[in-house]
Amino acid sequence: MTIAILFVCLGNICRSPLAEAALRAEAERRGLDIEVDSAGTGDWHVGHPPDPRARAVAGRNGVDISHLRARQVTGEDFHRFDHIVALDRENFAGLEAMRPAGARARLSLLLDHVPGREGEAVADPYHGDDSHFDASWADVTAGAAGLARRLSEGR
Ligand code: 4NP
């Protein structure tokens with residue numbers, strides 16, 4: 001059975017596309033059958049490709065994310081996805097507030113899946129420089145590895 005995972009940040013042009021790419025790569029390595037997507041709680045960047053700095057850090061790590069396009073999270077996503085994974089606490093709170101009755105998706109914070117980093121946020125790199133995007137990449141790859149391990153164990 002395919003497990004569907006949605007990553008959610010604010011703009012869907014920096015952190016969540018990176019998380020999407022990192023989990024897809026991790027799933028491929030592990031032979032995990034999953035569907036991965038990402039979205040933003042905000043609508044400013046709908047239809048836009050990932051931020052050039054996000055495309056650059058993905059490229060430095062051997063992944064191409066230039067085909068991705070931003071979209072806003074919807075109520076329907078709570079019925080379509082098994083897991084909705086927020087990149088930070090503000091977006092987690094926004095998702096909790098819009099969660100429809102009878103939602104199937106389990107909500108979590110990405111770094112909840114990394115032992116010892118529960119409750120931590122992936123910091124917003126939008127107003128930062130390349131070093132902030134390198135930190136985002138390190139965080140999302142750690143989160144993706146922890147999440148993939150959990151999914152492969154059926155948790
Ligand atoms: P993201 O980063 O949530 O990781 O995609 C941001 C992108 C855009 C904005 C803020 C954060 N913005 O304010 O437009």
Side-chain angles (χ1 to χ4, degrees), residues 3-28 34-100 103 105-114 116-151:
I3 305 167
I5 297 112
L6 179 69
F7 291 108
V8 178
C9 62
L10 183 58
N12 192 210
I13 55 167
C14 300
R15 294 165 291 175
S16 62
L18 292 176
E20 176 181 349
L23 184 61
R24 212 168 263 140
E26 186 65 29
E28 222 159 89
I34 58 173
E35 181 196 327
V36 193
D37 195 7
S38 65
T41 53
D43 67 357
W44 312 284
H45 299 283
V46 169
H48 296 179
D51 184 283
R53 299 162 297 170
R55 299 204 301 264
V57 72
R60 287 197 290 283
N61 290 280
V63 186
D64 181 11
I65 60 168
S66 57
H67 60 288
L68 299 177
R69 293 294 177 270
R71 72 173 182 89
Q72 192 172 25
V73 67
T74 67
E76 180 55 30
D77 288 323
F78 287 82
H79 301 296
R80 253 185 73 203
F81 290 89
D82 300 293
H83 293 272
I84 297 183
V85 183
L87 276 284
D88 66 26
R89 287 183 285 273
E90 290 73 20
N91 288 299
F92 183 95
L95 288 164
E96 254 187 339
M98 70 181 284
R99 184 191 185 96
R106 268 166 69 177
L107 256 183
S108 62
L109 205 52
L110 180 61
L111 293 178
D112 283 348
H113 302 286
V114 181
R117 298 195 65 186
E118 296 87 350
E120 283 185 32
V122 176
D124 184 349
Y126 189 63
H127 297 288
D129 57 23
D130 280 347
S131 70
H132 295 86
F133 280 82
D134 284 327
S136 300
W137 180 259
D139 283 349
V140 301
T141 52
L147 182 56
R149 193 175 316 120
R150 193 168 269 190
L151 294 172

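One-based numbering, in listed order, for ligands and for the atoms of each. Treat the numbers as computed from the prediction; the structure is a model and nothing was measured. Quick note: numbers below take in every heavy atom, side chains included, and nothing from hydrogens, waters or symmetry partners.
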Geometry only, no angles: is [X] polar-contacting ligand 1 at N/O separations under 3.5 Å?
X: Cys9; result: no
X: His45; result: yes
X: Arg15; result: yes

Would you call Glu20-Arg24 a salt bridge at under 4.0 Å N-O?
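Answer for the salt bridge query: yes.
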Would you mind checking if Asp134 and Arg60 are paired as a salt bridge, meaning a charged N to carboxylate O distance below 4.0 Å?
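Between Asp134 and Arg60 there is a salt bridge, with a charged N closer than 4.0 Å to a carboxylate O.
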Among Tyr126, Phe7, Phe133, closest by any non-hydrogen atom to atom 12 (N) of ligand 1:
Tyr126
Between Ser108 and His113: side-chain donor-acceptor atoms closer than 3.5 Å:
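Looking only at side-chain atoms, His113 and Ser108 do form a donor-acceptor pair, the distance falling under 3.5 Å.
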Can you name the nearest heavy-atom pair linking Tyr126 to Asp124, along with the distance?
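Heavy atoms of Tyr126 and Asp124 come nearest at N-OD1, 2.9 Å.
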In the protein, what heavy atom is nearest to atom 11 (C) of ligand 1, and what distance, to one decimal place, separates them?
Asp124 OD2, 3.2 Å
Near Cys14, which atoms of ligand 1 are under 4.0 Å from a heavy atom of that residue?
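Result: 1 (P), 2 (O), 4 (O), 5 (O).
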Can you tell me if Gln72 uses its side chain to pair, donor with acceptor, with the backbone of Thr41 under 3.5 Å?
yes
